[in-house]
Novice: 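Please find one structure pasted underneath; my questions will follow.
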There are 2 protein chains.
Amino acid sequence: MKGIEKLFEQFLRTRGLRLTKQREAILKAIYATHDHISADDLYDELMDDEGWSALKISRATVYRTLSLLTDGGFIQSLDIGGGQGQLYEHVLGHEHHDHMVCLVCRQIFEFHDEGLEDLQAKIVKKHGFKASSHRLNVFGTCAKCQVKGESSAAMQG
Amino acid sequence: MKGIEKLFEQFLRTRGLRLTKQREAILKAIYATHDHISADDLYDELMDDEGWSALKISRATVYRTLSLLTDGGFIQSLDIGGGQGQLYEHVLGHEHHDHMVCLVCRQIFEFHDEGLEDLQAKIVKKHGFKASSHRLNVFGTCAKCQVKGESSAAMQG
DNA sequence: GTGGATGCAAAAAGTTTGCAGGCGT
DNA sequence: ACGCCTGCAAACTTTTTGCATCCAC
């Protein structure tokens, strides 16, 4: 965690950018949650967490910093549809994974399979494409909601 | 193509909805292109194609119909990032595939691999998740842009 | 004729940008 | 002190919605 701040500072330095309190707070906040969070929710969280202090953070700065963090590879965004815009998650200390999105409860589950990654890489390469990243989102119903679904279906007849 | 219109009509009927000229035109337009198109571009295209006729179509109707078509499984949307909103593509007569997005030229390439589909399905099921659909987007550099990249890199260095 | 569908324009939601002043280096 | 960074508010983009009118059935 401290290491990440160091890395961020280095990243900024190499770009001739400055480490400000706002940027630090945003980095911390997004690394403090292990959820997939929207820019707006992150802003709200920062308002709560930082409310007691004199530190003020505007939405604009949140967006600007999020973009910066994405460039630096500290976070990545995903869009799970439903028109709520981008969700962000931190990358460091949280290796690559794919997502299963439950369409009933909107919860997001992560999974990872090395064999799948290898096969994907092989196929893409076969097409002459040089992959730098990928995003696999599976939509459906999670185990919990499948059970709930059955019981409510039974109630309906 | 005629068959698709029939299917759409049936779909509307089962929902107690009506087949209007606007809906027909939008369906045709999205099945006429084999590209991934945004709502706005589709709107523009409709304005051109239908400009000579008396048929008027508003953006609102485009969005409403796109949503209807997605519900009916006639089209599907994807978001390739870059904040240009959703892109749509037709589904019928155009079986499931994944996407490779070239970050240089922004072109989208489609591919499909049965083995990959099977493996994905197996893994997801293993997690107790019931998948209804999935979206795999691979980001990177297409073959053409790799070549271009090399030559421009050579120029710079 | 009736109720769903449309166009228009305003509203929403998410994100970006211009500018004057603040602050990290 | 320099000039990057920030907050603010306005602008922008994409999509949704309210309402009076229109038209498919």
Side-chain angles (χ1 to χ4, degrees), chain A residues 5 8-27 29 36-47 50-51 53-72 75 77-88, chain B residues 5-6 8-27 29-30 36-47 50-51 53-72 75 77-88:
Chain A
E5 287 173 57
F8 186 40
E9 198 178 340
Q10 282 171 27
F11 167 73
L12 292 172
R13 225 177 277 286
T14 63
R15 286 200 171 197
L17 304 177
R18 294 168 184 173
L19 179 62
T20 62
K21 300 229 168 69
Q22 285 85 345
R23 285 174 176 167
E24 213 178 327
I26 292 169
L27 176 72
H36 304 76
I37 192 168
S38 68
D40 219 57
D41 286 349
L42 185 62
Y43 172 73
D44 287 345
E45 202 150 295
L46 284 162
M47 294 309 268
E50 307 292 335
S53 77
L55 184 56
K56 239 186 166 192
I57 302 182
S58 69
R59 268 189 181 72
T61 297
V62 172
Y63 280 104
R64 285 188 277 233
T65 303
L66 246 20
S67 163
L68 202 55
L69 287 168
T70 304
D71 281 359
I75 63 175
S77 63
L78 80 155
D79 186 306
I80 63 163
Q84 347 136 75
Q86 298 293 121
L87 298 183
Y88 297 86
Chain B
E5 288 174 57
K6 271 272 179 290
F8 185 42
E9 199 177 338
Q10 282 171 27
F11 167 73
L12 291 172
R13 225 178 277 287
T14 62
R15 288 202 170 195
L17 304 176
R18 293 166 186 175
L19 179 62
T20 61
K21 300 227 167 70
Q22 285 85 346
R23 285 174 177 169
E24 213 178 325
I26 292 167
L27 176 73
I30 203 163
H36 304 77
I37 192 169
S38 69
D40 218 59
D41 287 349
L42 184 61
Y43 172 74
D44 287 346
E45 201 150 297
L46 284 162
M47 295 309 269
E50 308 291 336
S53 79
L55 185 55
K56 239 191 165 187
I57 302 181
S58 67
R59 269 189 180 73
T61 296
V62 172
Y63 279 104
R64 283 188 277 234
T65 303
L66 246 20
S67 162
L68 202 55
L69 288 168
T70 305
D71 282 0
I75 63 175
S77 62
L78 80 153
D79 186 306
I80 63 163
Q84 357 143 64
Q86 296 296 121
L87 298 183
Y88 296 87

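So that the names make sense, note that chain A is the first sequence line, chain B the second, and so on, each numbered from 1.
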Novice: Determine, stepwise, if the pair Arg18(A) / Leu12(A) fulfils side chain to side chain contact (heavy atoms under 4.5 Å, CB included).
Specialist: CA-CA 6 Å; Arg18(A) 294 168 184 173; Leu12(A) 292 172; over 6 Å; no

Novice: Whole angstroms only, please: what is the CG-P distance between Leu66(A) and dT17(C)?
Specialist: 15 Å

Novice: Do you know which two heavy atoms are closest between Leu42(B) and Ala29(B), and how far apart they sit?
Specialist: CD1-CB, 3.8 Å

Novice: Students should find this one: the first and last nucleotides of DNA chain D, 5' to 3', lying under 4.0 Å from a heavy atom of chain B. What are they?
Specialist: dT14(D) to dC25(D)

Novice: How long is the line joining CZ of Arg59(A) and P of dA13(C), in whole Å?
Specialist: 11 Å

Novice: How many angstroms lie between atom OG of Ser58(A) and atom CZ of Arg64(A), to the nearest 0.5 angstrom?
Specialist: 6.0 Å

Novice: What closest approach, in Å, do Phe11(A) and Asp71(A) show between heavy atoms, and which atom pair accounts for it?
Specialist: CZ-C, 4.4 Å

Novice: Output one letter per nucleotide in nucleotides 20-25 of chain C: B when a protein non-hydrogen atom lies under 4.0 Å from the base, S when only the sugar-phosphate is that close, - when neither is.
Specialist: ----BS

Novice: Can you tell me how far C1' of dA5(C) sits from CD of Glu24(B), to the nearest Å?
Specialist: 15 Å

Novice: Can you name the closest pair of heavy atoms from Arg59(B) and Tyr43(B) and give their distance?
Specialist: NH1-CE2, 3.3 Å

Novice: Return the 5'-most residue of the pair Tyr88(B), Ala60(A) with respect to DNA chain D, ranking by each residue's nearest nucleotide.
Specialist: Ala60(A)

Novice: What's the spacing between Leu69(B) CG and Arg23(B) CZ if we round to 0.5 Å?
Specialist: 9.0 Å

Novice: Round to the nearest Å and state the distance from Tyr63(B) atom OH to dC8(C) atom P.
Specialist: 16 Å

Novice: By nearest nucleotide on DNA chain D, pick out whichever of Arg23(A) and Gln86(B) is the more 5' one.
Specialist: Arg23(A)

Novice: Could you tell me the separation between the CG atom of Leu68(B) and the P atom of dG4(C), rounded to a whole number of Å?
Specialist: 14 Å

Novice: Send over the distance from Leu87(A) CG to dG14(C) C1', rounded to a whole Å.
Specialist: 12 Å

Novice: Rounding to an integer number of Å, can you tell me how far Asp79(B) CG sits from dG14(C) P?
Specialist: 14 Å

Novice: Among Ile26(A), Leu66(A), Leu68(A), Leu27(A), find the one that has a side chain to side chain contact (heavy atoms under 4.5 Å, CB included) with Ile75(A).
Specialist: Leu66(A)

Novice: Which pair of non-hydrogen atoms, one from Ser77(A) and one from Tyr88(A), has the smallest distance, and what is that distance?
Specialist: CB-CE2, 3.6 Å

Novice: Counting the atoms with a prime plus P, OP1 and OP2 as sugar-phosphate, which does Arg64(B) contact under 4.0 Å by heavy atoms, base, sugar-phosphate, or nothing?
Specialist: base

Novice: Please give me the minimum heavy-atom distance between Ala25(A) and Leu46(A), naming the atom from each residue.
Specialist: O-CD2, 3.7 Å

